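Report on the following structure.
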Amino acid sequence: MDALHLAFGIFGNATALFLFLAPLNTFKRIVESKSTEQFSGIPYVMTLLNCLLSAWYGLPFVSEHNILVSTINGTGAGIEIIYILIFIIYAGNEEKTRILELFTFVLSVFGFIVFGSLFALNGHGRKVFCGLAATIFSIMMYGSHLSIMRMVIRTKSVEFMPFVLSLFVFLSGTSWFCVWSAR
């Protein structure tokens with residue numbers, strides 16, 4: 001069972017890395033046009049929260065034997081911060097304010113969970129609390145990509161919902177489901 005868990009974990013890391021890198025063309029377009037156009041920054045901020053909480057959960061003093069979870073999500077958090085900064089630089093004032101508020105909320109939630117788990121919990125309680133928080137916000141992250149659906153329906157165009165991103169959201173979610181099912 002450990003070999004299967006490791007295999008799905010490595011596949012999960014690979015698909016997650018491709019998921020984090022899937023928006024590169026979008027951000028290349030944003031930088032070249034110096035505008036966020038109709039793109040939404042919400043999925044990137046929610047992905048950051050998911051990455052931060054999952055990286056925290058995977059640390060040995062929170063949850064043993066989950067270092068693959070920490071490494072890929074730490075990498076993902078770094079990538080998402082770069083995306084968010086680019087988005088903030090090129091967003092209009094209203095969108096910039098909205099994303100900065102959400103970014104502040106995300107960092108506050110992460111801080112609350114980190115400090116709460118460090119000072120109020122230990123052992124199994126810490127693992128359960130952090131795992132539950134990571135699971136809830138993981139669901140929110142995958143759901144945040146649905147915010148793009150509103151744009152697709154309104155414009156009747158999938159221009160703002162790249163296929164590669166959708167594919168790797170599906171593959172990453174499926175692979176992590178398999179990791180936890182293989183335990």
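Note that the structure is predicted; figures quoted are calculated from it, not measured.
- Note that OG1 of Thr36 and CD1 of Ile86 are 12.0 Å apart. Values are rounded to the nearest 0.5 Å.
- Note that the CG atom of Asn122 and the CZ atom of Phe129 stand 13.5 Å from one another [nearest 0.5 Å].
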Test side chain to side chain contact (heavy atoms under 4.5 Å, CB included) on Leu48 and Phe103 and set out the steps.
CA-CA 9 Å; Leu48 173 64; Phe103 183 67; 3.4 Å; yes
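- Note that the CZ atom of Phe20 and the OG1 atom of Thr15 stand 9.0 Å from one another [nearest 0.5 Å].
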Mind running side chain to side chain contact (heavy atoms under 4.5 Å, CB included) on Leu107 and Leu52 for me, showing each step along the way?
CA-CA 9 Å; Leu107 294 179; Leu52 291 171; 4.2 Å; yes
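- Taking each heavy atom of Ala77 and Cys51 in turn, the nearest pair found is N-CB, 3.7 Å.
- Across all their heavy atoms, Asn73 and Ala55 have their closest contact at CB-N, 3.7 Å.
- There is a path of hydrophobic side-chain contacts, each under 4.5 Å, that joins Ile42 to Ile136.
- Residues Met46 and Leu100 are members of one and the same hydrophobic cluster, defined by side-chain heavy-atom contacts under 4.5 angstrom among Ile, Leu, Val, Met, Phe, Trp and Tyr.
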Would you check, one step at a time, whether the test salt bridge (Lys or Arg N to Asp or Glu O under 4.0 Å) holds for Arg98 with Glu95?
CA-CA 5 Å; Arg98 204 172 89 185; Glu95 184 69 9; 3.7 Å; yes
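- Minimum heavy-atom separation, Thr71 to Asn13: OG1-ND2, 3.9 Å.
- Both Leu132 and Phe61 belong to a single network of hydrophobic side chains, linked directly or stepwise wherever heavy atoms of I, L, V, M, F, W or Y lie under 4.5 Å apart.
- For Phe112, the CZ atom counts as loosely surrounded, since its 6.0 Å shell holds 12 or fewer non-hydrogen atoms of other residues, nucleotides or ligands.
- Annotation: the span from Leu85 atom CG to Tyr83 atom OH amounts to 12.5 Å, rounded to 0.5 Å.
- Put simply, Leu121 and Val128 are part of two different groups of oily side chains (I, L, V, M, F, W, Y) that touch within less than 4.5 Å, one to the next.
- Across Ser54 and Val69, no two heavy atoms sit closer than the pair O-CG1, 3.3 Å.
- Put simply, the side chain of Arg126 never gets that close to the backbone of Val62: no donor and acceptor are under 3.5 Å apart.
- Between Tyr44 and Phe87, the angle of the ring planes lies from 30° to 60°, which puts this pair in the tilted group.
- Remark: Phe27 CZ is packed, more than 12 non-hydrogen atoms of other residues, nucleotides or ligands lying under 6.0 Å away.
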Verify side chain to side chain contact (heavy atoms under 4.5 Å, CB included) between Trp56 and Phe110, making sure each step is shown before the conclusion.
CA-CA 9 Å; Trp56 178 253; Phe110 179 64; 4.0 Å; yes
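- We find the CD1-CG distance between Ile84 and Leu102 to be 8.0 Å, quoted to the nearest 0.5 Å.
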Yes or no on side chain to side chain contact (heavy atoms under 4.5 Å, CB included) for Phe39 and Thr26, after CA distance, side-chain angles and deciding distance?
CA-CA 8 Å; Phe39 291 107; Thr26 298; 3.6 Å; yes
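- Linking ILVMFWY side-chain heavy atoms closer than 4.5 Å, directly or via other members, places Ile72 and Ile67 in two distinct hydrophobic clusters.
- Between Cys130 and Tyr57, the shortest heavy-atom contact is C-CD1, 3.9 Å.
- Residue Thr104 holds its OG1 atom at 11.0 Å from CD1 of Ile99, rounded to the nearest 0.5 Å.
- In this structure, Ile88 and Lys96 approach most closely via the heavy-atom pair O-CE, 2.8 Å.
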